[in-house]
2 protein chains.
Amino acid sequence: MELDQRKVVILTTIIKNYLETGEPVGSRTISKYSGLNLSSATIRNEMSDLEEMGYILQPHTSAGRIPSDKGYRFYVDQLMESHQHEIDDVKTEMFEKVDRLETTLKTLVKNLAQNTNYAAVVTGPSIRTNKIKFIQTSLVDSKRLLLVIMMQGNIVKTATVLLDGSEELDFNRVLSINMLLNDELSGLSVEDITEGRLAQLLARTNHKETIKAIVSSIVDVLDIKFGDSQIYTSGATNIFKYPELTESDNASKLISAFETKDELAALVKGAEERGEGKRPIQVYIGDESPLQNMADCSVVTASYELGNGLKGTIGVIGPKRMDYEKVLEILSKLQSEMDQAFK
Amino acid sequence: MELDQRKVVILTTIIKNYLETGEPVGSRTISKYSGLNLSSATIRNEMSDLEEMGYILQPHTSAGRIPSDKGYRFYVDQLMESHQHEIDDVKTEMFEKVDRLETTLKTLVKNLAQNTNYAAVVTGPSIRTNKIKFIQTSLVDSKRLLLVIMMQGNIVKTATVLLDGSEELDFNRVLSINMLLNDELSGLSVEDITEGRLAQLLARTNHKETIKAIVSSIVDVLDIKFGDSQIYTSGATNIFKYPELTESDNASKLISAFETKDELAALVKGAEERGEGKRPIQVYIGDESPLQNMADCSVVTASYELGNGLKGTIGVIGPKRMDYEKVLEILSKLQSEMDQAFK
DNA sequence: TGTTAGCACTCAAAATATTGGAGTGCTAAC
DNA sequence: GTTAGCACTCCAATATTTTGAGTGCTAACA
């Protein structure tokens, strides 16, 4: 059977109506609002076809129809087509304009949640692949060094290094250690700090123990798992606005995912990687998402790039009957707002 | 009417039973489990008295009784009495043993939620009253300084200072600026940084614009509102385990409080201040809590002290039928664990 | 005088029955 | 190909009944 123009109109009408109301849509409703001027009986015939083709389904006999995942997929693909220019715009360059990335991301995620009325998640660039700009240590007391690392994009990480006290340090020695560290390590990412590098470093100093402790701290701070990578969420409570996400213990599971964040991080990062080379906005509908908990949700992700390989992701999580059109629009709007913020 | 021994036993039995089951308790149950060897009829007479006195109430005629807030209050006060030694123990000194306070607090709050099955919240010491240990700035590029501040308790804050470029800086100039800053500001809290201080500082330097920018950054970073002060939460989803907190849109409100955190911060801080000079553990039952959203909850808070005026609070939020005994116990246990952690 | 058995009564919650209406599929006529 | 009409289905809302836990009161008892 073929999906002709009339069927497309009917399918779209069903979906749009269902997005608004969340109730199954009956033939009479479509007959009235599709603009096709067909009687409900005719519509019924077409709906029967659409159901057979898998685009819509009945929750039970004698109920109206609701879109299936396949139906949503068709709708979203169509939408992506017609918003192509906006979508391609999202990828943007804002490297080095960043001053307080953290603050910006927090604001961003908040706006996103408020504007969409869905839950929002934003990840900052991964530090694992980010490169060290400079390193600085300073003496806190006889057994402690304060370690400050600045990464590309002006992201700062700090740690305290505990010393065993076997090597005496003073201001000048710390200064030379700093010079050595910067000389050897700046421009590298954690992944670049190999055994070989370390050996090379140690060959150039008398303070071997101290250097060992510092480097191990550096790796510690930067070599963190998914879960700990910068991830901000907002609007988790928005899911309470959609009954289909709240029934039984769905709500509990979803909220829990937002509380622990690592599942979310994996989801969003996964989207980023899978999106490699593809369009920068991706939509997962229901089961398409890799997460069990999200089987009743749709997830829309957009990646952004700060340049120099620093990438992050913005995501919106809501019910399957999400207002996809609005979400796509907002994602591209936020992009330009971020541009403003980093001017 | 007097609350004699027998009435106390009955009241306690009602409360304990209700804590376990969450269901109204009837006279027959008490007759069986109180150990009093009285018939249900006698118990009924006593319950009638207890109700008149306001310790218990009936959700509706011909239902069993549940504790009123007054009843809970009586029970908790009694409990506090018998656990006095544990409770007084909670106040502890761990100043300067702290190495990564942040990590510890995160672990603490997680443990607390897991052990109690309630929601947990922990606040770090307020930075406003914390004193500066040392300050360090370093040149990032011609228009940017990296500012690192270490506070008492080895809490580190960083910021980037934007310069207008009117004053040229080099390594040695930054060094002298650092010395000056430490000389003038270390040992002070933000509250101590007055106009007078600033003037005094400026009198000693040629880099007036730079110093102004730096000090304003320092104040910015440290002089933050309640909401931004260190606050960690965990186990918000535990509230789904208690139906009485989930019905209608209670859950939504509670979870939302956990998401935004500032209300929570206010609650917990408030407890800390109101607890000034009193016992270090406090219990708020239902309406006793200053927060609307928490009217159906009980909140137990304990304050800890790192010494030198650095105080924080640990809180547990759960249903009114909270296992108060267990919570009090766990709070004192966690305290000793923290001691261990900081050895 | 305090305790208890017994009984009539109450009321929420669970189980069951009733109804209404939105929606469908099918058929026959246009 | 389109449509009116009709019998049929089934959810959801409402009403009804049943059940049982619990109460208060009274009268008898130790």
Side-chain angles (χ1 to χ4, degrees), chain A residues 1-11 13-15 17-18 20-68 243-244 247-248, chain B residues 1-11 13-15 17-18 20-68 71 243-244 246-248:
Chain A
M1 211 175 318
E2 209 207 339
L3 196 65
D4 59 17
Q5 193 49 39
R6 198 166 79 176
K7 283 193 173 59
V8 171
V9 173
I10 293 174
L11 178 56
T13 311
I14 293 175
I15 295 180
N17 198 289
Y18 184 70
E20 267 180 45
T21 65
E23 297 289 322
V25 186
S27 52
R28 240 176 76 80
T29 315
I30 301 174
S31 152
K32 272 187 288 183
Y33 298 114
S34 70
L36 283 176
N37 263 340
L38 292 172
S39 81
S40 59
T42 314
I43 303 287
R44 277 204 287 286
N45 290 330
E46 295 286 32
M47 283 168 93
S48 171
D49 290 350
L50 281 170
E51 180 160 16
E52 203 180 320
M53 293 163 81
Y55 289 105
I56 55 179
L57 43 85
Q58 270 183 303
H60 57 85
T61 11
S62 89
R65 305 302 212 289
I66 61 174
S68 67
E244 66 265 46
E247 57 195 16
S248 73
Chain B
M1 211 179 317
E2 207 206 340
L3 195 65
D4 59 17
Q5 194 50 38
R6 198 166 77 176
K7 284 194 173 57
V8 170
V9 173
I10 292 175
L11 177 56
T13 311
I14 292 176
I15 295 181
N17 198 289
Y18 184 70
E20 269 180 44
T21 65
E23 298 289 321
V25 186
S27 53
R28 239 176 76 79
T29 314
I30 300 174
S31 151
K32 272 188 286 183
Y33 299 113
S34 70
L36 283 177
N37 263 338
L38 291 173
S39 81
S40 59
T42 313
I43 303 288
R44 278 205 286 284
N45 289 331
E46 294 287 31
M47 283 168 93
S48 170
D49 290 352
L50 281 170
E51 180 161 17
E52 202 180 320
M53 294 163 82
Y55 289 104
I56 54 179
L57 43 85
Q58 271 184 301
H60 57 86
T61 10
S62 88
R65 305 303 213 289
I66 61 174
S68 67
E244 66 265 47
T246 319
E247 57 195 14
S248 73

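In what follows, every chain begins at residue 1, and chains take the letters A, B, ... in the order their sequences are listed.
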S.K.: Considering heavy-atom distances to DNA chain C, does Asn45(B) or His60(B) have its closest nucleotide positioned more toward the 5' end?
M.R.: Asn45(B)

S.K.: Grab the CZ-C1' distance between Arg6(B) and dT1(C) for me, whole Å please.
M.R.: 12 Å

S.K.: When all nucleic acid strands are considered with a 4.0 Å heavy-atom cut-off, which category describes Thr42(A): base, sugar-phosphate, or nothing?
M.R.: base

S.K.: Ignoring hydrogens and angles, answer whether the base of dT9(D) and the side-chain atoms of Ser62(A) contain a donor-acceptor pair closer than 3.5 Å.
M.R.: yes

S.K.: What is the distance, rounded to the nearest whole Å, between atom NZ of Lys32(A) and atom P of dA22(C)?
M.R.: 10 Å

S.K.: Round to the nearest Å and state the distance from Glu52(B) atom CD to dG24(D) atom P.
M.R.: 11 Å

S.K.: Quickly work out the Glu51(B) CD to dG22(D) P distance and round it to whole Å.
M.R.: 15 Å

S.K.: Does the base of dG5(D) carry an N or O that pairs as donor and acceptor with the side chain of Arg44(A) under 3.5 Å?
M.R.: yes

S.K.: Mind calculating the distance between CD1 (Ile43(B)) and P (dT4(C)) to the nearest angstrom?
M.R.: 9 Å

S.K.: Please check the phosphate of dG23(C) (OP1 and OP2 only) for any side-chain N or O of Arg65(A) closer than 4.0 Å.
M.R.: no

S.K.: May I ask you to evaluate whether Thr61(A) reaches the phosphate of dT24(C), defined as a side-chain N or O under 4.0 Å from OP1 or OP2?
M.R.: no

S.K.: Specify the separation, in whole Å, of atom OH of Tyr18(A) and atom C1' of dA22(C).
M.R.: 16 Å

S.K.: If a pair means Watson-Crick or G-U wobble with both distances below 3.5 Å, what does DNA chain C look like in dot-bracket form, with | marking bases paired to a different strand?
M.R.: ||||||||||||||||||||||||||||||

S.K.: Using atom CD of Gln58(A) as one end and atom C1' of dC8(D) as the other, report the distance to the nearest whole Å.
M.R.: 13 Å

S.K.: Given atom NZ of Lys7(B) and atom P of dG2(C), what is their separation to the nearest angstrom?
M.R.: 11 Å

S.K.: dT23(D), OP1 or OP2 - any side-chain N/O from Ser27(B) closer than 4.0 Å?
M.R.: yes

